[in-house]
Amino acid sequence: MTTLTLLFTSFFFLMTLSSSTNPRNFTVELIHRDSPHSPLYNPQTTPTDRLNAAFLRSISRSRRFSHHSQTDLQSGLIGAGGEFFMSITIGTPPMNVLAIADTGSDLTWVQCKPCQQCYKENGPLFDKTQSSTYKSVPCESRNCNALSTNERGCDEAKNVCKYRYSYGDQSCTKGDVATETVSINSASGSPVSFPGTVFGCGYDNGGTFDETGSGIIGLGGGQLSLISQLGSSISNKFSYCLSHKSSTVNGTSVINLGTNSIPSGLNEASHVISTPLVEKEPKTYYYLTLEAISVGKTKIPYTGSSYYPNNDDVSMKGNIIIDSGTTLTLLESGFYDGFGAAVEEAVTGAKRVSDPQGLLSHCFKSGSAEIGLPEITMHFTGADVKLSPLNAFVKVSEDMVCMSMIPTTEVAIYGNFAQMDFLVGYDLETRTVSFQRMDCTNTI
């Protein structure tokens, strides 16, 4: 049994990028949404307000992975559900762009002049006429056909590929598909450029997008995501390390891109474990197989089936999506009943109570005693990930903690609370995800 002593706040990051002098390796600093360093920082909100806002975003975002059309599934949740901002430059001469970085989206897009209808944005809009490297993508090209039939169109008179995304929160974007030079500022001061990067130039954008951002940077697994397009430039590898202290002035989290972003070998000394990525449609998402969850020494087989939005096959493989943009972990409701009961039985020094906000399922309130919490272990195929209390529980008040895992009737999601203080590595060549416990505050 261990006790929970830290208060969590929601994860919503601003990303600023730096790299090593080797263009194959980049370190990306993440600034927590609620950190004083964030442009969205609001000193008037309480920690409880921030927590509840993060939980609501998790629930809203989870609906983006549910049984909708291919258009919705490919797009990911944007608007209020975005958890990261990323700073890059685009065009020649380069223009700074701050956009939501989304592991649940593929196509990168930004607002462009002239806008037919755009949401309010604090910074200037990208003007393709001022860039010497902007190039439209033809209608029947490979890059245009990489979009689903519901997502693409064609301006036949100009032979320009068009895209259209709509989102579950009623947000939408439409525009031209093009290629541009995308650059990332290096630590040495010399930007590293990636010419010919496919992106969307959005002329009709609206909904719940935050005025701080210019659009979306797609970090999913599909063909048109920034991760896939950088491909060999980053050796098809990336990782992130999310610190539980990210909401403080001194807290730091990072994303790493490149050869050195993940451990070179798996061994007991380094405490690195890995599990296969499951190949599924849509390729945007990163699917793992959850076999069981242990509460203390009680191992409970996971009964959630695989999620196939486009056919009726049912399988245990690929039954959970790992997502850095969702705060909570969502587990299949039928399994959750027994799992929650096991947790309730294992908690000491507290009684179960209802969440005052009605968002979390299992909450526990103590009197004068210290709350004792069980160790939770996630048994993925080939990888037993032992969670600390900070990964599985959230302190919502001085005498109350709640599980940061909730039931769902839709697709299961392994959220970012469960991933904090792990180096989570994605090797897209070997198709594996690795986990290594570490203090993410000291990764830069």
Q: Do Glu429 and Ser235 pair up side chain to side chain, a donor and an acceptor below 3.5 Å, judged on atom types alone?
A: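 Absent: no donor and acceptor within the cut-off.
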Q: Could you verify whether a donor N or O on one side chain and an acceptor N or O on the other, from Ser434 and Ser274, lie under 3.5 Å apart?
A: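 Per modelled atom types, Ser434 and Ser274 side chains form no pair under 3.5 Å.
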Q: Quick check: do Arg437 and His271 have side-chain heavy atoms less than 4.5 Å from each other?
A: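 SC-SC contact between Arg437 and His271 ruled out.
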Q: Do the side-chain N and O atoms of Tyr163 and Thr173 include a donor-acceptor pair separated by under 3.5 angstrom?
A: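 The criterion, which ignores hydrogens and geometry beyond distance, is satisfied for Thr173 and Tyr163.
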Q: So Leu423 and Val272, do their side chains get closer than 4.5 Å, heavy atoms only?
A: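 Of all side-chain heavy-atom pairs linking Leu423 with Val272, none is under 4.5 Å.
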Q: Could you report the tightest heavy-atom contact between Thr289 and Met316, atom names first, then the distance?
A: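 That closest heavy-atom pairing would be CG2-O, 3.4 Å.
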Q: Between Thr197 and Glu180, do the side chains contain an N or O donor and an N or O acceptor separated by less than 3.5 Å?
A: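 Distance-only check fails for Thr197 and Glu180.
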Q: Looking at Glu410, is its backbone amide N or carbonyl O close enough to the side chain of Thr408 to form a donor-acceptor pair, meaning the two atoms are under 3.5 Å apart?
A: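 Present.
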Q: With the threshold set at 4.0 Å, does a side-chain nitrogen-carboxylate oxygen contact exist between Glu281 and Lys283?
A: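 Yes.
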Q: Within a strict 4.5 Å, meaning less than it, do heavy atoms of the Asn145 and Arg152 side chains meet?
A: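 Yes, close enough: below the 4.5 Å cut-off.
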Q: Please confirm whether His362 and Tyr336 have ring centers closer than 6.0 angstrom.
A: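 Centroid separation for His362 and Tyr336: below 6.0 Å.
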Q: Any chance the side chains of Thr432 and Asp427 put a donor and an acceptor closer than 3.5 Å?
A: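 Not at all, the side chains of Thr432 and Asp427 share no donor-acceptor pair under 3.5 Å.
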Q: Quiz question: by atom type and distance under 3.5 Å, do the side chains of Ser294 and Thr377 form a donor-acceptor pair?
A: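 Side-chain D/A pair, Ser294 to Thr377: absent.
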Q: Do Tyr240 and Gln419 pair up side chain to side chain, a donor and an acceptor below 3.5 Å, judged on atom types alone?
A: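 Note: Tyr240 and Gln419 side chains meet the donor-acceptor criterion.
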Q: Quick check: closest heavy atoms across Ser131 and Phe126, and the distance to 0.1 Å?
A: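 Scanning both residues, the minimum pair turns out to be CB-CZ, 4.1 Å.
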Q: With a 2.5 Å cut-off on the SG atoms, do Cys144 and Cys154 make it?
A: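 No, because the SG atoms of Cys144 and Cys154 are not under 2.5 Å apart, which misses the disulfide cut-off.
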Q: Side-chain contact, heavy-atom cut-off 4.5 Å: Pro374 with Phe393?
A: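 With C-beta onward as the side chain, the pair touches.
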Q: In terms of ring plane angle, is the pair Phe380 and Tyr414 parallel, tilted or perpendicular, where the classes change at 30° and 60°?
A: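 Rings of Phe380 and Tyr414: perpendicular, over 60°.
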Q: Here's a test for you: under side chain to side chain contact (heavy atoms under 4.5 Å, CB included), which of Leu328, Thr327, Val401, Leu360 qualifies with Val394?
A: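 Exactly one pass, corresponding to Leu360.
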Q: Could you grab the distance from atom CZ of Phe435 to atom CD1 of Ile322, nearest 0.5 Å is fine?
A: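 Spacing of CZ (Phe435) from CD1 (Ile322) equals 4.0 Å.
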Q: For the side chain to side chain contact (heavy atoms under 4.5 Å, CB included) test, which of Ser214, Cys112, Cys118 pairs with Asn205?
A: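 For Asn205, the side chain to side chain contact (heavy atoms under 4.5 Å, CB included) check succeeds only for Cys118.
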